[in-house]
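To keep things clear, I will list the structure first and then write my remarks on it.
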Amino acid sequence: MSTEDRPPAPRSLAEELRARGDASLGALLRSRPDLITPVPTDLTQLATRAGTRASVVRALERLDRFALQTAEALAVAADPAAYGELLGLMAGDDADPAVVAALPHALDGLREQALVWGDDDRLRLVRTARELLAPSPQHPSPTGLGPTVQEATAGMSPGRIQEIVTAAGLASTHDSVSAVTALAGLFTDRARMAALLADAPADSLDVLERLVWGPPYGQVTADPAPRLRWLLDRGLLLPTAPGTVVLPREVALHLRRGLAHRTPEPVPPVIETAAVHRPQVVDSAAAGQAYTALATVEELLKDWDEGGPAVLRAGGLSVRDLKRTAVALDVPEPVAAFWVELAYAAGLIASDGDADERYAATPAYDEWLELPAAERWSLLVTAWLAATRTAGLVGGRDAKDRTLSALGPGLDRSAAPEVRRRVLALLAGLPEGAAPAAGSVLARLRWERPLRGDRREDDLRGRLAEWALSEAELLGVTGRGALSAQGRALLGAPAAPVPGPEAEPAGPGDKLPVHHHHRTTPLAPLSPAEQAVASAAAARLLAPLLPEPLDHVLLQADLTAVAPGPLRRPLADMLGVLADVESKGGATVYRFTPGSVRRALDAGQAASDLHAFLATHSRTPVPQPLAYLIDDVARRHGHLRVGAASAYVRCDDDAVLSEILADKRAAGLGLRRLAPTVLAAQADPAGLLEGLRAMGFAPAAESAEGDVLITRALAHRTPPRTAPEPVPDGPPVPDDTLLAAALRAIRAGDLASTTPRKPGAAPAANGELPRTGAAETLATMQAAVLTGEALWIGYVNAEGSASQRVIAPIRVEGGFVTAYDHTADEVRTYPLHRITGVAELADDAG
């Protein structure tokens, strides 16, 4: 293309955006969704918003390390800078081929996000980004570079500048500007600088070596040492404040052989393997862990069936309750916090809202229990993927130095879902069965989102990644550290990379070539509908790998029952009431006790029912000691009756009541005889039941009608509760529908604000709305209906919000104009009295 045919270079970011196509603008709005919240009125407002500090900071924080290094290099380059200057800063005098190959892509990414604009011969970093990234004494640049010679000499006397120029071997000039220009020219000339430094004392070069990679500032005394005096005389060090000197940027770049960064990182760290397993082993291990996860959540909820721990005044579980839950689940406290938070995120537990507020299972838990095991698992892992509540923070401190408690406030971290999905996506990019080294995963994430200022102690993403790896293993998304087939399906990921036929199997510590190139497109977040499909696919893959539930147990003579595997739901529920779990593992051991048998009788079972149940579900004969235990407890069960008087005890055998009255342990119950067969008590019915049971009796509760009350398991439930909503990490990425509507509105608004008007047609000054009288407005509208021309109008809606629009009037009657509104891309009707003015568009307006 000739120079005459080339379109003019954009003079502003708004002009650059105006020249973009819809695909490019759409890519910008997807990468920076905060720019359309709300939708800008035109491209000028979009450019202004793209340059605001909050938006630029957010965009910079989402750059990968090499893109950020490119932006940092532009911040220390000339404004504007040619591509060749940028390439020199990034690749150095040696022209690192990896940097040369990667730089165009990084620059295109910065352009796409509107952080850089202009042609290759006039590259400009947006002003706010330059202010954030350029070196200053208060905010050192990550490049380690200091100010330019011009900036460092800004307050220096003209005489001192001439002395420096002369000492550096340059001819004196008549003014400071030309002297500074000559000095900067010397420092940027490789040959002349090499000759100047060749005469430098060795200890002076040592000083430069210490400052060259930053920080560029140093301290000097009022009487500098000779090695410093040599540098100061020639401007290789320049004073910035009393006792402080700085290494000029041009000098540092010469010593660095042109590099803005000591170590450019155009390629991300590769993912190293810690181990390689057969895919079948990985999937089986993950399925076993998935089954354990389901059993753990069930056990947690069973432990809280009759009302769980109390809710702290500030919200959440107390430290004591978390410890008790950890003991009940036989896991460490951080793992217990994870299971509690997972059940909460899945909507299975919540606070009951009573006066003495406690945590309990929700009605959704009962529905969850009825689902097949694989579907229950998919619900848990889907909730985990989207949850912003972060169990790993439990036990830490918030900004006000308050302890963060499980289920309490302050645990939401908006970045958690994105980090979890990214960690799993990195695992999905490895061959099947490959388990990564955790350190290489963290290094990769730090490259993709580098820490600002390299603050390792604030590496939240690193901690989130470590928690994601361990939690994925607990849930069975991974097995032995490698992503399972069901985990891959959960992400909606394609099939794993398959090594070539000539490739050797990777061993521990090997670097997998699949990630040598960092331009691999990451897995996009799934919409709710897509995630539901992916979760269902994961459940289908997991289902055949889970153990089949059994319908039998093995009864033993020592009053125990052994379940050699998972039990079917009705059998497990009934056995959980009739016996206590003694040990868990590959097989579960249940123990029958008088208390557990009484619990079954309290739940409405008769002794005959229990005998029949055991005979049906045992592969061994019912041992005689167990049959005797059931009959003995049943014989005494319900012999005493407890009701509310405030409470009373009645029994047909008055000798039993006399025995109770004579027992010293009954003193606290406040008993007195009302009749030969009735005792009244000061204690409430529940307390009276517990007291009599502690004395060795087996009373039964009864209703006001005298019927035995049946207490059923799983009775305590919260009212219907919704699962907690994740806290979004900024505005959501717009979908295609919203994006198309936003682009249409922005284009139409831009047309309204930039279309030329006919001369003398009441132009708007400084972007104000056009102003015309009511009669002129009406006449212009009526004429446009006849000619079919489009008009530019100013409009104020009922809320007082003013806007500019381009309309094509169709009909004017009754004080209203009906027109095709190019801004809204639809036919609308506007009251004439709300139109502030009208202007005709130029004939060539397009």
Side-chain angles (χ1 to χ4, degrees), residues 295 298-299 302-303 305-306 366 369-370 547-643 649-653 656 686 689-690 692-703 705-716:
E298 288 184 44
E299 186 174 355
K302 190 177 296 183
D303 189 46
D305 270 342
E306 298 178 7
D366 296 314
L369 282 177
E370 297 303 319
E548 190 68 27
L550 304 176
D551 63 352
H552 66 272
V553 295
L554 306 175
L555 296 178
Q556 303 186 109
D558 61 350
L559 297 180
T560 60
V562 176
L567 300 176
R568 291 185 178 175
R569 173 69 49 207
L571 173 57
D573 290 344
M574 184 59 203
L575 197 58
V577 175
L578 181 57
D580 300 321
V581 176
E582 188 168 80
S583 66
K584 293 176 291 185
T588 304
V589 178
Y590 294 86
R591 178 164 294 279
F592 300 94
T593 67
S596 68
V597 173
R598 184 178 63 242
R599 186 169 63 228
L601 295 173
D602 285 343
Q605 300 292 325
S608 57
D609 298 330
L610 300 181
H611 286 300
F613 168 79
L614 293 175
T616 301
H617 294 287
S618 176
R619 287 290 177 89
T620 58
V622 178
Q624 200 172 49
L626 179 56
Y628 285 165
L629 174 65
I630 294 172
D631 291 338
D632 184 52
V633 174
R635 187 166 46 254
R636 294 185 296 138
H637 185 265
H639 192 50
L640 298 179
R641 301 293 182 92
V642 172
V649 184
R650 69 181 181 87
C651 181
D652 295 336
D653 189 346
V656 174
L689 279 168
E690 291 300 320
L692 292 175
R693 286 171 179 168
M695 295 165 59
F697 296 96
E702 71 176 17
S703 66
E705 292 78 19
D707 299 323
V708 174
L709 284 175
I710 296 175
T711 57
R712 300 193 180 279
L714 311 180
H716 189 69

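Nothing here was measured: the structure is a model prediction, and the numbers come from that model.
Rounded to the nearest 0.5 Å, atoms CD1 (Ile630) and CZ (Arg598) are 14.5 Å apart. Atom CG of residue Leu575 and atom CZ of residue Arg568 lie 15.0 Å apart, to the nearest 0.5 angstrom. To the nearest 0.5 angstrom, His552 atom NE2 is 8.5 Å from Leu567 atom CG. The structure places OG1 of Thr593 at 7.5 Å from CG of Leu629, a figure rounded to the nearest 0.5 Å.
Of the charged side-chain nitrogens involved, at least one lies within less than 4.0 Å of a carboxylate oxygen, so that Asp602 and Arg693 count as a salt-bridged pair.
The only option from Leu626, Thr560, Val562 that meets the side chain to side chain contact (heavy atoms under 4.5 Å, CB included) definition with Leu555 turns out to be Leu626.
Between Val656 and Cys651 the shortest heavy-atom distance is CB-SG, 4.2 Å. The shortest heavy-atom contact between Ala606 and Leu601 is C-CD2, 4.2 Å. Contact between Arg619 and Leu554 at its shortest, heavy atoms only, is CB-CD2, 3.5 Å. Between Leu692 and Pro699, the shortest heavy-atom distance links the atoms CB-CG, 3.8 Å. Across every non-hydrogen atom of Ala557 and Pro625, the tightest pair is O-CG, 3.9 Å. Pairing each heavy atom of Arg636 with each of Gly696, the nearest pair is NH1-O, 3.0 Å.
At distances below 3.5 Å, at least one donor-acceptor pair connects side-chain atoms of Arg599 with backbone N or O atoms of Ala579.
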Leu578/Leu614 under side-chain contact (heavy atoms from CB on, under 4.5 Å): CA gap, chis, key distance, verdict: CA-CA 10 Å; Leu578 181 57; Leu614 293 175; 3.9 Å; yes
side-chain contact (heavy atoms from CB on, under 4.5 Å) between Asp631 and His611, worked out: CA-CA 9 Å; Asp631 291 338; His611 286 300; 2.7 Å; yes
Worked check of side-chain contact (heavy atoms from CB on, under 4.5 Å) between Thr620 and Gln556: CA-CA 8 Å; Thr620 58; Gln556 303 186 109; over 6 Å; no
side-chain contact (heavy atoms from CB on, under 4.5 Å) between Phe592 and Asp580, worked out: CA-CA 6 Å; Phe592 300 94; Asp580 300 321; over 6 Å; no
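Residues satisfying the ring pair (Phe, Tyr, Trp, His ring centres under 6.0 Å) test with His617, not counting sequence neighbours, are Phe613.
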